[in-house]
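Some notes on the structure that comes next.
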There are 2 protein chains.
Amino acid sequence: MEQGASPRRKGPGVTQEEVGRLAGVSGKTVARVIANDPHVSEATREKVEAAIRQTGFRPNFAARSLAAAKSYLIAIFLPDHSSLYHADLFRSAAAACAAKGYHLLLEQYEADSSASALERYDISLRQTRCDGVILAPPLSNDRQLIDRLTADAMPHVLIAPADAEGRSPAVLADESAGVIALFDHLWSLGHRTFGLCTPPPGRPYLHRRNEIFLQCLAGQGAAASAVKLAPFRWEGSTMLSGRTAARFLLDGPDSPDAIFAFNDEYAHGVMIGAQERGLPVPDALSVAGFDDGAAAQFAWPPLTTIRQPLDLMAKKAVELITEGGESCLCAVELMVRQSTGRKAD
Amino acid sequence: MEQGASPRRKGPGVTQEEVGRLAGVSGKTVARVIANDPHVSEATREKVEAAIRQTGFRPNFAARSLAAAKSYLIAIFLPDHSSLYHADLFRSAAAACAAKGYHLLLEQYEADSSASALERYDISLRQTRCDGVILAPPLSNDRQLIDRLTADAMPHVLIAPADAEGRSPAVLADESAGVIALFDHLWSLGHRTFGLCTPPPGRPYLHRRNEIFLQCLAGQGAAASAVKLAPFRWEGSTMLSGRTAARFLLDGPDSPDAIFAFNDEYAHGVMIGAQERGLPVPDALSVAGFDDGAAAQFAWPPLTTIRQPLDLMAKKAVELITEGGESCLCAVELMVRQSTGRKAD
DNA sequence: CTGAAAGCGCTTACAG
DNA sequence: CTGAAAGCGCTTACAG
């Protein structure tokens, strides 16, 4: 016989107030228990916790967001071209979010359309008032989007931007160290002539990998003829483009001892191209990639590459948003597998 | 000189009320314009729209969720093992969500721990009161989790469950038709002996693919000796396990004409195993997979497989949650590529 | 250590 | 066609 019952439909959930009533305290005290506020007596805490267990109470996310002006939501953009690099990143970011009571929002955009991510932000993401946005490559180099987020006072973190000059906090992998380690590895195996691949346009962070490799080569006093560069030609997929690059590099008398591809998918294509030419990897040719993404696992033989600690980087990115802090640099690791070997005599 | 200004911090956003004031109407009218309510005069609508543009107003997500008891959030679980199958699904689901004004929430769980997804739901997802949950394989077969969602009155959709007997709405791919198409393709190429691979335990939907293949074979009146079955042995990755299966199948005098692997990653491993044995694909052996996932693109030669329309399926799943409706069956497509060929004489 | 009040910015009925 | 009132379930100050 409830009088004055609310005319509004009540959701299935229990409220703070109801839990409090059950425990003989106010709703506010329930909130304090949940927030782990130390200013609660042990006896009260136990009563409240029992009531929470009994009712299965979970605070209402929307109400909390509204009152606290905090969404507990972190967004990340997903390009429409599948990429295991991104899938790995999401997995780690989602885990890091969960550990901090946040949730990860996925926003899809068209990688081919330069305005798409910005548009998605304006139309869709902005109104969520999420607490931050994580930008993975290639978006972490999208000046327009970054400026927009900055103007909107929307916290954001850049994963592996090509240059960390900007004032946006960034999580970087020590790519230089990675390329150097890879070069040293190849050099120590006796290789003296190298093939490099031109990355797609608009990917400065990939170009940088090549530049560092060339600096290493120069550091050894190698002649310019020690390196052969394949032009970029898009064949419909990264792998097929790598295959074409390999054909270019392996044709002619100046075929190199080893090929360094700027990422794993490209390296995979390079290996296929080499094997089609009848060159077994690594016996006739060493091939190395970069990222240690899924392509490194799919490739055969297993690919020597540089492991980016994506799980750590995603975790760091989430932390930078939830707790603030400085940009940071994460160590990479050389993964020596079977695609590189000693130069045949 | 605002008197009685709110003591509470105001977010950076503009409110409905403020937009209304600018347009000379009430906040409620602004809401009506945004909801595309037809009961608004054209003149008012234009004034309001101008004010919205001018202020860059976006409704506050949390306030909307709280008032409407609707979160505009759809959740999907992500296993901690990277899988392009899932990455593809998310991409499509996120796009479908965006098209309907919803957002996609990613919840990571540990695929190896049977309780992990349930736990993630209880601890984290439940309080978001999202409007629905999408369960992809293998979770779409997790009876415990499904029962829990049902008990919680949490709307959910199963993607490709092994059996669609339950009362949960499901989006199915017509896998039987796919296996049949694949069998017919191999049979028409002249292959008469076949290798099959035992899927990992606890994946009834993968076992079913083999069963249907065997039924096709029986339908042709083939003898039991026409098929050789590799046992399941986990080698640390799907691909390596497939490679081991291939070795088993190709050793001995009863080596088959063609191998049907229950999914693409396995098929990729099978091709590697075959090529290592000196058997060129497809000249000496035809190999076919299932899913047309990323592994099909990484494989070499390009893999003949069955394409599951994941984009359509994800879209359907989102629709079932936002608009309700019946379970549905999506057509699959045979993708003939270079891993299958006519039986050598 | 605990509670009553006010408010977050919307939506849902209900009036006019 | 448009508006004023009440309420969604929390949190934030402020009292006690």
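Residue numbering restarts at 1 for every chain, and letters A, B, ... go by the order of the sequence lines.
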We want to know whether Ser124(A) and Glu107(A) form a side-chain donor-acceptor pair, criterion being a heavy-atom distance below 3.5 angstrom. yes

If you count heavy atoms of other groups shown closer than 6.0 angstrom to CD of Glu323(B), is the number above 12? yes

d(CD, Gln16(A); P, dG9(D)) in whole Å: 11 Å

Atom pair distance, as rounded to whole Å: NZ in Lys70(B) and C1' in dT11(C): 12 Å

Ring geometry between Tyr109(B) and Phe77(B) (parallel below 30°, tilted from 30 to 60°, perpendicular above 60°): perpendicular

Show your reasoning for whether side chain to side chain contact (heavy atoms under 4.5 Å, CB included) applies to Asp131(A) and Leu73(A). CA-CA 6 Å; Asp131(A) 296 336; Leu73(A) 247 29; 5.7 Å; no

Would you say Leu135(B) and Leu149(B) make side-chain contact, with heavy atoms under 4.5 Å? yes

Can you find a heavy atom in the side chain of Ile159(B) that is under 4.5 Å from one in the side chain of Tyr85(B)? yes

Within residues 49-62 of chain A, which residues have any heavy atom lying less than 4.0 Å from an atom of DNA chain D? Phe57(A), Pro59(A), Asn60(A)

With Watson-Crick and G-U wobble geometry limited to distances under 3.5 Å, how should the secondary structure of DNA chain C be encoded in dot-bracket form, using | for bases paired to another strand and [ ] for crossing pairs? |||.||||||||.|||

Which atoms of nucleotides 1-4 of chain C (N or O only) lie under 3.5 Å from a protein N or O atom, and what are those distances?
residue: dC1(C); atom: OP2; partner: His39(A); partner atom: ND1; Å: 3.3
residue: dT2(C); atom: OP1; partner: Ser41(A); partner atom: OG; Å: 3.3
residue: dT2(C); atom: OP1; partner: Thr44(A); partner atom: OG1; Å: 2.4
residue: dT2(C); atom: OP2; partner: Ser41(A); partner atom: N; Å: 3.1
residue: dG3(C); atom: OP2; partner: Ser26(A); partner atom: N; Å: 3.0
residue: dG3(C); atom: OP2; partner: Ser26(A); partner atom: OG; Å: 3.0
residue: dG3(C); atom: OP2; partner: Thr29(A); partner atom: OG1; Å: 2.6
residue: dG3(C); atom: N7; partner: Arg32(A); partner atom: NH2; Å: 2.7

At what distance, to the nearest 0.5 angstrom, does NE2 of His156(A) lie from CG of Leu145(A)? 8.0 Å

With heavy-atom distances below 4.5 Å as the criterion, would you say the side chains of Glu319(B) and Lys100(B) are in contact? yes

For Leu66(A) and dG7(D), what is the distance between atoms CG and P respectively, to the nearest whole Å? 17 Å

Of the nucleotides dT12(C), dC10(C), dC10(D), which has the atom closest to the Thr15(A) side chain? dC10(D)

Just N and O in the side chain of Gln127(B): are any of them under 4.0 Å from OP1 or OP2 of dC10(D)? no

For the atom pair SG (Cys328(B)) and NZ (Lys316(B)), what is the distance rounded to the nearest 0.5 Å? 5.0 Å

Classify the angle between the aromatic ring planes of His103(B) and Phe61(B) as parallel (below 30°), tilted (30 to 60°) or perpendicular (above 60°). perpendicular

Is Arg148(A) positioned over the aromatic face of Tyr121(A), cation under 6.0 angstrom from the ring centre and no more than 45 degrees off axis? no

